Amino acid sequence: MKQRPPRYSAARLVSRAARKRVWPRVWREAPLRNSYDVVVIGGGVHGLATAYYLAANHGITNVAVLEKSYLGSGGSGRNTAILRSNYLTPEGVIFYDRSLDLYRTMAIDLNMNVMFSRRGHITLAHSDASLRTMHWRAEVNKLQGVDSSVIGPADIKKLAPVLDTSSHPRYPILGALYHPPGGIIRHDAVVWGYARGADTLGVEMHQKTEVVDIKVTGGDGPGGKGPGGRVTGVRTNRGDISAPVVVNCTAGWASLISDMAGVKLPISTRPLQAAVTEPVKVFLPVVVVSGTLHVYVSQTARGELVFGASVDPYNTYNIRGSLEFTEGTAGHLLELMPGISRMRLLRQWAGLCDMTPDYSPVMGFTPVEGFLCDVGWGTYGFKAGPVSGEQMAEAIATQRTPDLIGPFSLSRFERDALVGEKGAAAVGH
Amino acid sequence: MLIVPCPNCGPRNAADLRYVGESRPRPDPNSASAKEWRAYLYERANPAGMLRETWYCRSGCRRYFVLERDTVSNEFTNPPTPVAKLGKRP
Ligand SMILES: Cc1cc2nc3c(=O)[nH]c(=O)nc-3n(C[C@H](O)[C@H](O)[C@H](O)COP(=O)(O)OP(=O)(O)OC[C@H]3O[C@@H](n4cnc5c(N)ncnc54)[C@H](O)[C@@H]3O)c2cc1C
Ligand SMILES: [Zn+2]
């Protein structure tokens, strides 16, 4: 019988410390069974949120999340944790804004301190062309009720005094798109919060459990896989599992999983690098992005500067970092903030990104019955974790595609109905 | 970063080239069905392993060529044999 874990609170912290009680593990480990109602592949924010909302919103608790490594080992534990909803397409804006809503109440809903800091987000424009895109985005945003506007250099200087807003730089700052509700969050806590929440409701999480094949019958392709077929289960390194519903939440590895079911995806896997400096006193109160200079930066609660750029320019499943990245990105950062030239770099890392042609995700049902995808999250998918989990759970529970994710279905590529988000997602994740 | 063996210029930093992407046969626009054409436009094999890919030597010989690389180890097949004709875009 499952026992509810103790709630986290300041009072509990004190009382348990006084009684020298050890806290239980954040989520429990169960033996792997050979059948579930739903198998979710991938223990990142998307897989865990899908499992959590299946249980929380629809009472579907016979669910297993299979993760080949440890929970949060993919992009969900490597991202720079920027949350925002000032996208370019109406479909994107309304979708990401729902996610921000869920993030806003997450600390209470999941009883986990996720440290969501809604500090404001500015995207700099260094040319007339990008200023025009900012105005376009601001108008689309406002129509959807999202707080977003174009501001000039004087206001930028007030928000971030460290920025060089003079006319001296090679690419002077002409204006910015200002999005006050945007900010940063503690990504690990989000992953652990969903895992703990799902565990409390009876969902099982299995780490070091790698899916090596997906069982499909009746399809048009080789071995009965592919369009027209239906899923019957998965094969893992720890044995076979039968399940009528299998969800692909594997981001950078999405094509490999999808191949196992015979479903072709429009995805290319590329690494995205990021880096962090030593901690210093807080001097940068907002998130700053510059598409022209291919750099974005924010300062953590600990005082470190976290910064990154756009994806590496070729496909690979290899996440080795490069000197070009640190040198190039640091150089661009110095153009924005010459004052930080003496700061030292602490470390750099990379994660795999599942890039799509239109910078929008691939979500929902596929031509293989029972095989769903929640992939194509590229460099911008952490912020979408909550809404994706909520909507994917609804799709599974109701067997219908919810309106919010309809535009992102795989079939949009057959209908030539792409959702072009490049202008808002290429650099500012 | 990646060192790309240009068949004309020798080893070059990937930053000197442009990555065109997965190399796939282009269907004949006159006879291809809409389905085949869209598959060519959007679908990607995206393998974790050997990949045939097209590069453009942007700041060197300015030729297109196709090479094979392991997308996990990032090693090109040795010796680097361009598997498509040079010059014209394959
Ligand atoms: C450096 C960097 C910075 C980023 N910055 C931001 C940002 O600021 N804001 C933002 O919104 N997004 C950002 N992103 C993107 C974001 O991290 C991802 O889009 C998001 O985390 C994807 O979550 P996920 O749950 O879909 O995938 P992941 O977290 O990648 O999880 C997929 C999981 O699937 C597992 N898996 C793979 N194959 C198998 C298998 N065969 N069997 C079992 N399990 C398997 C993997 O081990 C992995 O844990 C960034 C990404 C990177 C790399
Ligand atoms: Zn060359």
Side-chain angles (χ1 to χ4, degrees), chain A residues 68 210 212 220 226-227 250-260 262-271 273 294 309 311-328 350 352-358 360 362 367 375-376 410-418, chain B residues 1-6 11-27 29 32-60 64-77 80 82 90:
Chain A
K68 69 170 178 168
E210 178 170 6
V212 294
D220 302 337
T250 54
W253 299 265
S255 304
L256 309 178
I257 293 294
S258 194
D259 277 350
M260 296 176 191
V263 173
K264 293 219 173 87
L265 292 179
I267 284 178
S268 301
T269 295
R270 297 209 170 175
Q273 303 190 50
H294 291 277
V311 282
D312 285 0
Y314 48 87
N315 296 2
T316 176
Y317 285 84
N318 187 311
I319 51 169
R320 198 175 302 157
S322 67
L323 184 62
E324 268 92 348
F325 162 78
T326 24
E327 197 184 21
L352 295 183
C353 293
D354 37 343
M355 310 301 293
T356 59
D358 58 356
S360 283
V362 173
V375 300
L410 178 56
S411 66
R412 74 174 180 273
F413 295 96
E414 285 159 29
R415 291 179 278 114
D416 291 328
L418 273 57
Chain B
M1 206 192 244
L2 194 64
I3 301 294
V4 182
C6 173
R12 307 277 303 215
N13 192 320
D16 294 348
L17 292 92
R18 191 165 74 80
Y19 185 64
V20 182
E22 267 178 33
S23 165
R24 289 149 298 147
R26 185 174 184 260
S33 68
K35 197 172 174 341
E36 286 164 347
W37 190 251
R38 290 194 186 104
Y40 166 71
L41 279 184
Y42 301 123
E43 278 172 11
R44 298 289 181 271
N46 199 25
M50 272 307 182
L51 175 66
R52 278 170 62 96
E53 57 190 9
T54 309
W55 291 86
Y56 172 60
C57 190
R58 182 168 51 183
S59 43
Y64 286 93
F65 50 89
V66 176
L67 294 175
E68 277 186 343
R69 177 176 56 103
D70 185 322
T71 59
V72 179
S73 69
N74 276 348
E75 273 167 27
F76 287 90
T77 42

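Chain identifiers are assigned alphabetically (A, B, ...) following the order of the sequence lines, protein sequences preceding nucleic acid strands; residue numbering begins at 1 within each chain. What you see is a predicted model, and the numbers here were worked out from it, not measured in a lab.
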| query | Most heavy-atom pairs under 4.5 angstrom with chain A, which of B:Ala34, B:Pro47, B:Ala15? | reply | B:Pro47
| query | With a 4.5 angstrom heavy-atom cut-off, which part of B:Leu17 approaches chain A: side chain, backbone, both or neither? | reply | neither
| field | Proximity breakdown for B:Ala45 and chain A, heavy-atom pairs closer than 4.5 Å | value | backbone
| field | Region of A:Pro313 in contact with chain B, defined by heavy-atom distances below 4.5 Å | value | both
Donor-acceptor table for chain B and chain A, threshold 3.5 Å:
residue: B:Asn13; atom: ND2; partner: A:Glu324; partner atom: OE2; Å: 2.4
residue: B:Arg38; atom: NE; partner: A:Glu414; partner atom: O; Å: 3.3
residue: B:Arg38; atom: NE; partner: A:Asp416; partner atom: OD1; Å: 3.2
residue: B:Arg38; atom: NE; partner: A:Asp416; partner atom: OD2; Å: 3.3
residue: B:Arg38; atom: NH1; partner: A:Glu414; partner atom: O; Å: 3.2
residue: B:Arg38; atom: NH2; partner: A:Asp416; partner atom: OD2; Å: 3.1
residue: B:Arg44; atom: N; partner: A:Leu265; partner atom: O; Å: 3.1
residue: B:Asn46; atom: O; partner: A:Tyr317; partner atom: OH; Å: 2.7
residue: B:Asn46; atom: OD1; partner: A:Thr269; partner atom: N; Å: 3.0
residue: B:Asn46; atom: ND2; partner: A:Ser255; partner atom: OG; Å: 2.8
residue: B:Asn46; atom: ND2; partner: A:Ile267; partner atom: O; Å: 3.4
residue: B:Asn46; atom: ND2; partner: A:Thr269; partner atom: OG1; Å: 2.8
residue: B:Asn46; atom: ND2; partner: A:Tyr317; partner atom: OH; Å: 3.3
residue: B:Arg69; atom: NH1; partner: A:Asn315; partner atom: O; Å: 3.1
residue: B:Arg69; atom: NH2; partner: A:Asn315; partner atom: O; Å: 2.6
residue: B:Thr71; atom: O; partner: A:Thr316; partner atom: OG1; Å: 2.9
residue: B:Thr71; atom: O; partner: A:Tyr317; partner atom: N; Å: 2.8
residue: B:Val72; atom: O; partner: A:Asn318; partner atom: ND2; Å: 2.9
residue: B:Asn74; atom: OD1; partner: A:Thr316; partner atom: OG1; Å: 2.9

| field | Proximity breakdown for A:Leu265 and chain B, heavy-atom pairs closer than 4.5 Å | value | backbone
| query | Under a 4.5 Å heavy-atom cut-off, does chain A meet the side chain of B:Ala14, its backbone, both or neither? | reply | side chain
| field | Heavy-atom proximity to chain B below 4.5 Å, by part of A:Leu418 | value | side chain
